[in-house]
Amino acid sequence: MRILRILVLSAIFLLPAIPPGDADESNPSTGGWKNYVNGRFGFTVQYPPEWQVGQPLADGMGIILLPPIPNTQLAVSGFLNIIEGTSQDGRQTLQEFTAAHRRIIGEAYAKKNIHVKWEQERLITLGGKPAVQLTFSYHDASQAKIIELHIFSLGRNEGRGVRIKVPESSRKTLMPTFAQILQTYEAGRDQDAVSPFARP
């Protein structure tokens, strides 16, 4: 079960960027911003036209968007709620997912001898659903301070996630754009539909 947790959470938030993928034409209502539509989970997000686009993540879970600033990225993904927990369907609750994610992130960076400093977690919304924002910082190999924000919501059946990685030196410049992107985010189909994993 521990290995399955690590694989699921790693696939959602820790995959590297990969080659160009599925983005729609520009949307004139947002000043030339482009649309990304996820074919598997149905969520959509808009992004600036000068950003680079990667292929969908493994199994069509999502995509990584790359601003024209080195060592910066925004990943959007969907995932199934398949790990056992205390919800009415016997799957993880948002609180359980948050605790597991935080622990796995800490362990992953500790193995690289990277010290992670956590900020206080925040309760927010993502695509109109209750969500948690985990924020932490660390220093990369060049000793540049990196900030990461992991935002996720979790329904009975599916979850949605956003991972923002930005150097501290570019945080104030880029955060307004990241905020605009998150305002365009739509969750897609109902992630609170009855889980196919529900107990009989």
Side-chain angles (χ1 to χ4, degrees), residues 8-18 21-24 27 30 33-48 51-67 69 71-81 92 94-95 97-102 104-105 108 116 118-138 146-155 157-168 170-171 173-192:
V8 170
L9 292 174
S10 295
I12 295 165
F13 292 105
L14 300 178
L15 285 175
I18 45 184
D22 61 339
D24 288 345
N27 186 337
T30 51
W33 279 30
K34 295 184 177 181
N35 296 325
Y36 166 71
V37 179
N38 182 271
R40 181 177 180 189
F41 291 97
F43 63 84
T44 63
V45 69
Q46 297 176 15
Y47 61 94
W51 285 33
Q52 298 295 314
V53 180
Q55 276 186 337
L57 301 177
D59 298 323
M61 291 194 317
I63 204 164
I64 295 175
L65 301 170
L66 303 170
I69 293 178
N71 212 15
T72 306
Q73 61 180 233
L74 183 146
V76 289
S77 60
F79 53 95
L80 295 176
N81 187 5
Q92 282 192 320
L94 181 59
Q95 294 73 26
F97 184 90
T98 301
H101 185 75
R102 182 170 180 151
I104 290 168
I105 290 294
V116 170
W118 293 93
E119 297 181 15
Q120 186 172 356
E121 69 182 53
R122 295 178 56 207
L123 298 178
I124 59 171
T125 59
L126 178 64
K129 301 288 185 182
V132 171
Q133 175 183 308
L134 292 179
T135 305
F136 60 94
S137 60
Y138 56 90
I146 305 296
I147 310 295
E148 290 200 24
L149 288 78
H150 293 207
I151 301 167
F152 38 81
S153 61
L154 190 66
N157 185 23
E158 299 175 354
R160 303 288 183 267
V162 176
R163 174 185 179 239
I164 295 170
K165 176 183 175 184
V166 60
E168 170 67 22
S170 302
R171 185 177 189 176
T173 303
L174 280 175
M175 286 313 291
T177 303
F178 287 136
Q180 277 185 285
I181 291 170
L182 289 175
Q183 286 176 357
T184 72
Y185 183 94
E186 294 183 13
R189 66 171 180 262
D190 184 10
Q191 61 195 65
D192 285 318

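Computed from a predicted model, the values in this text were never measured in an experiment. If you read the sequence from its start, that first residue is 1, and numbering goes on from there.
- Within 6.0 Å of CZ on R122 lie no more than 12 heavy atoms contributed by other residues, nucleotides or ligands.
- Atom CG of L134 and atom CD1 of I105 lie 8.5 Å apart (nearest 0.5 Å).
- To the nearest 0.5 Å, the span separating CD1 on I69 from OG on S170 amounts to 4.5 Å.
- Listed by chain and residue number, D140, K165 satisfy the side chain to side chain donor-acceptor pair (under 3.5 Å) test with N71 (two or more places apart in sequence, or in another chain).
- Legend: residues meeting side chain to side chain donor-acceptor pair (under 3.5 Å) with R40, ordered by chain and number and at least two apart, are absent.
- Side-chain contact between R163 and Q73 is present, with at least one heavy-atom pair separated by less than 4.5 Å.
- In this pair, W51 and F178 present their aromatic rings perpendicular. The plane angle is above 60°, beyond the 30 to 60° band.
- Taking all atoms of both residues into account, the shortest heavy-atom contact from I181 to P48 is CD1-CD, 3.8 Å.
- Residues that satisfy the side-chain contact (heavy atoms from CB on, under 4.5 Å) test with T44, not counting sequence neighbours, are V37, E186.
- Scanning all heavy atoms of the two residues, the minimum distance from L57 to S77 falls at CD1-CB, 4.3 Å.
- Residues passing the ring-ring contact (aromatic ring centres under 6.0 Å, His included) test with Y185 are F43, sequence neighbours excluded.
- Of the inter-residue distances, the one linking Q191 atom CD with N157 atom CG reads 9.0 Å to the nearest 0.5 angstrom.
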The test is side-chain contact (heavy atoms from CB on, under 4.5 Å); show your working for T184 and Y47 and say whether it passes. CA-CA 9 Å; T184 72; Y47 61 94; over 6 Å; no
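- Sorted by first and then second residue, the side-chain hydrogen bond (donor to acceptor under 3.5 Å, both in side chains) pairs involving residues 124-137 (not counting sequence neighbours) are K129-D192, Q133-T135.
- The shortest distance between side-chain heavy atoms of T72 and L66 does not fall below 4.5 Å.
- Among all heavy-atom pairs drawn from W118 and V116, the shortest one is NE1-CG1, 3.6 Å.
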Step by step, would you call F97 with N81 a side-chain contact (heavy atoms from CB on, under 4.5 Å)? CA-CA 9 Å; F97 184 90; N81 187 5; 6.0 Å; no
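- One finds the OG1 atom of T98 at 6.0 Å from the CD atom of E121 (value rounded to the nearest 0.5 Å).
- Here L182 contributes atom CG and I164 contributes atom CD1; the two are 5.0 Å apart, rounded to the nearest 0.5 Å.
- Residues satisfying the side-chain contact (heavy atoms from CB on, under 4.5 Å) test with P130, not counting sequence neighbours, are none.
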Test side-chain contact (heavy atoms from CB on, under 4.5 Å) on Y36 and V53 and set out the steps. CA-CA 9 Å; Y36 166 71; V53 180; 5.5 Å; no
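- A distance of 10.5 Å separates OG1 of T177 from CG of L74, quoted to the nearest 0.5 Å.
- Screening F79, F152, F136 for a ring-ring contact (aromatic ring centres under 6.0 Å, His included) with H101, the sole residue that qualifies is F152.
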